[in-house]
Amino acid sequence: MLKHSTIVLFAGLVVTRALGIDPCVDIAGQKWVSPAQARLCLQSFPVDNDLKASTIQTLNRTLAFHTSVNYQIQAPPPFDTEVHEDIIKDLARISESPYPSEFALHLDLFYSFRRLMDGHCTVLNLCYDSVFISYLPTPLALLTTEDGFQHVHIAPEAFAIASAEFPDQIELWQNALPGDLKGQLATLSGAKVLQINGQDPWLTVDANAMTTGGYQSFGTRQNSFFSSYSRGASGWSYIMGNFAQQVHPLTDSVDLTIQRVNSSQVEHITLPYRSRFGSSAKNFTDSASFRANNCMSQKGTNGINLYDSVSVSENIDTIPTIAHFEQQPQLDREDRKRPINVLVDAAPLWDIDLPEELHPTPPALNQSYSVAQFYMLNNTGVLALGSFSAANFTAFMGSLLDGLAELKALGATRLIIDVTNNGGGYICIAHWLHRIIVGPRATTEPNAGLLTTIRAGTLAQHVVENINAGGDPDALLLYNPTNWHNSSNLPFSTDYNWLKPTVNPTINGHADAFSPQLGAECQPFEMTPPDHALFEPEDVVIISNGRCASSCSLFSITMSKHEGVKTAVVGGKKETRQQYCGVVGGQSTHFVEMDTEIKSTGLKKVELAPPDFQTNSVLGITWRLAFGIDDPEKPEEWQDHPATFNIPVTMDTVNKPSELWKYTANVIFGDEIALPGDSQAYFSLH
Ligand SMILES: *[C@@H]1O[C@H](CO)[C@@H](O)[C@H](O)[C@H]1NC(C)=O
Ligand SMILES: *[C@@H]1O[C@H](CO)[C@@H](O)[C@H](O)[C@H]1NC(C)=O
Ligand SMILES: *[C@@H]1O[C@H](CO)[C@@H](O)[C@H](O)[C@H]1NC(C)=O
Ligand SMILES: *[C@@H]1O[C@H](CO)[C@@H](O)[C@H](O)[C@H]1NC(C)=O
Ligand SMILES: *[C@@H]1O[C@H](CO)[C@@H](O)[C@H](O)[C@H]1NC(C)=O
Ligand SMILES: *[C@@H]1O[C@H](CO)[C@@H](O)[C@H](O)[C@H]1NC(C)=O
Ligand SMILES: *[C@@H]1O[C@H](CO)[C@@H](O)[C@H](O)[C@H]1NC(C)=O
């Protein structure tokens, strides 16, 4: 699908450099540019070999704290065909390779990390990622007809979205349409897409699934291509999908062969992508100021020594850069210290509003708070949960309990939990929600989550040894043993080396080292949970588009595998096995946190310590890895999470949450019709 090549990138570079033209001047101060113009600017920076070597060393040495490096060399079934990336080898290869520009170098790093299919382990550089986001006015949807056939369509709400979100670009797209279609962009909404760039649309969908990363499951990555919705902290958001929104300006245009609604005519159109200057990018006037403002390290790029009062006072309000890319609302400084498990993605999650006409129609209950909204549909209660984080942890916890209790009080006997595009958040909210729904059981008391382990490499060992020796007197550090519980869910003392004795498995031929099993630290909760279940597991279904990760996975997996609640993926391809969640992790973190631990324990100068990033880069990692339920010896990360149901969406229900909930209530709690021959139940529409 990408109509570009390194040859094009290279040719542009040579021309602009030879002529001494500054391609960033042309686009300075503009909100919208063509992808080609944006590329010329981004590719105008040559590789600086010292910066390159230093960046690779930071990445390589920080990966020593990422639990999954050796597992990801070759994952077991069912992800053996999906996850097989040796990221350490990639870094060695990239070290040795020449690149025509720093942008080309970054793209190789970016896509190498994406191939881990792990939304926790992501490398971003704010010089290049989401600086110019490319859009089309035609998000796509996979719709199912009454007779059960699936086709790719332009989403029925496409024009409503594009005209509300891109009013200043609509004219350009209107004029790009050929012949009689000129000015008729609105009539494309709902059109069937017969071909993309002259080929079966599925070739493009699947090619995107090979590069988009973020989730292990191929089906989930197919779903990422299409539009969807998400409940954000301040309202409902629209997700354009990978076809209509791209984080790099690499694609100039797309050819579509379409059949409009109520038309038998086959029509060909070409739509240009347009690149919008990113909401978190910094203004510039030329390439020098672009580079200075967007490409170099700044406050929040690197860690600090928490025992150096000057650094601390200078950084008192600094938010780590990665916070802008975490798939959760912004948290305050205190709440950021809580254990978090969250996806990191270059694409902004909540930038675009869901059009009013798609909003859920029943009014939300008053107990709703931020990303948690409660609705009553006849005798089915709905909890729409867009994240496991919200601004006020205590208020969030209370809202979940009060909202569920209110649904029961209103007569709900069944519960739909919609976690579409939920990228995780607070681990203890996942445990809390599990505990309050199913009540006290062996699977919720004293630990409603999973056992975990952390990687115990040489540098991590030194950090803990220094803390054991009194190196963290104010208990400020993540590796302080007092933060963590052993597998009996009891806390360690400050002089206890909690990484020992190390467990030393050989993983894909590599010797590795992990801590003994760890328990969970959430219980007793800060609020008293009810002494009874709020809903019976058989009366609960968790639905999403498969894009439920991190703490959302911790919640869904324990609910499904321990308690037997049903799970459903909405809108997946019929022939594809759908996973109800992915990217489990256990607890996520990032370079800045690791660097802070190293600096605060006086270890920045040791040989294995990663150097500071000199570029405006971030690296997320999985810090703690959860053990499985079906196979408790192995990580849950690469175990199977097959959805119980795949729920088709239609022209009338797509991206309308309350229509999807009504349909779900009917088919899952009412008449279930399984299609013969399918391993997963799939519902026809009548
Ligand atoms: C950046 O430029 C845009 C458009 O020129 C302007 O609206 C905005 O206020 C500027 N932002 C800053 C931080 O200067
Ligand atoms: C990355 O670190 C490993 C040790 O963990 C080392 O063997 C390898 O050479 C390093 N790679 C690069 C590109 O520096
Ligand atoms: C398509 O035809 C149906 C039936 O005549 C009509 O209800 C609907 O409004 C038409 N849709 C469009 C987009 O023309
Ligand atoms: C919800 O809150 C509003 C405003 O405070 C109030 O008018 C309404 O009665 C409340 N609804 C319920 C069901 O409590
Ligand atoms: C509510 O449920 C009852 C019983 O299942 C059904 O008859 C009725 O049509 C439902 N009402 C709505 C608005 O769905
Ligand atoms: C958070 O919510 C709790 C409970 O509603 C409230 O008592 C507290 O003041 C709130 N904190 C902040 C910082 O708003
Ligand atoms: C956890 O710690 C407690 C208190 O030190 C100890 O009694 C218990 O044996 C430990 N459990 C495990 C599994 O190590």
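Since the model is a prediction, treat every value here as computed from it, not as a measurement. One-based numbering, in listed order, for ligands and for the atoms of each.
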- among protein heavy atoms, the one nearest atom 3 (C) of ligand 3 is N262 ND2, 3.5 Å
- Task: Please could you name the atoms of ligand 7 that S487 approaches to less than 4.0 Å, counting only its heavy atoms?
- Result: 13 (C)
- Minimum-distance protein heavy atom relative to atom 5 (O) of ligand 6: A395 CB, 3.9 Å
- Item | Pair R338 + E526, salt bridge at N-O below 4.0 Å | yes
- Heavy-atom distance from atom 12 (C) of ligand 3 to the protein below 4.0 Å? yes
- Message: Could you check whether Y135 and F166 have their ring centres less than 6.0 Å apart?
- Response: yes
- Under the 6.0 Å and 45° cation-pi test, does K634 pair with F627? no
- Which value, rounded to the nearest 0.5 Å, describes the distance between F388 atom CZ and S551 atom OG? 7.0 Å
- Pair W484 and F492, ring centroids less than 6.0 Å apart: no
- Message: As an exercise, identify every atom of ligand 7 less than 4.0 angstrom from a heavy atom of L490.
- Response: 2 (O), 3 (C)
- Nearest protein heavy atom to atom 10 (C) of ligand 6, by residue and atom, and its distance? N392 ND2, 2.4 Å
- Message: Tell me the protein heavy atom at minimum distance from atom 14 (O) of ligand 7, and give that distance in Å.
- Response: N486 ND2, 3.5 Å
- Message: Is atom 7 (O) of ligand 6 touching the protein, meaning some protein heavy atom lies under 4.0 Å away?
- Response: no
- Query: Going by atom types only, do N197 and T204 share a side-chain donor-acceptor pair under 3.5 Å?
  - Reply: no
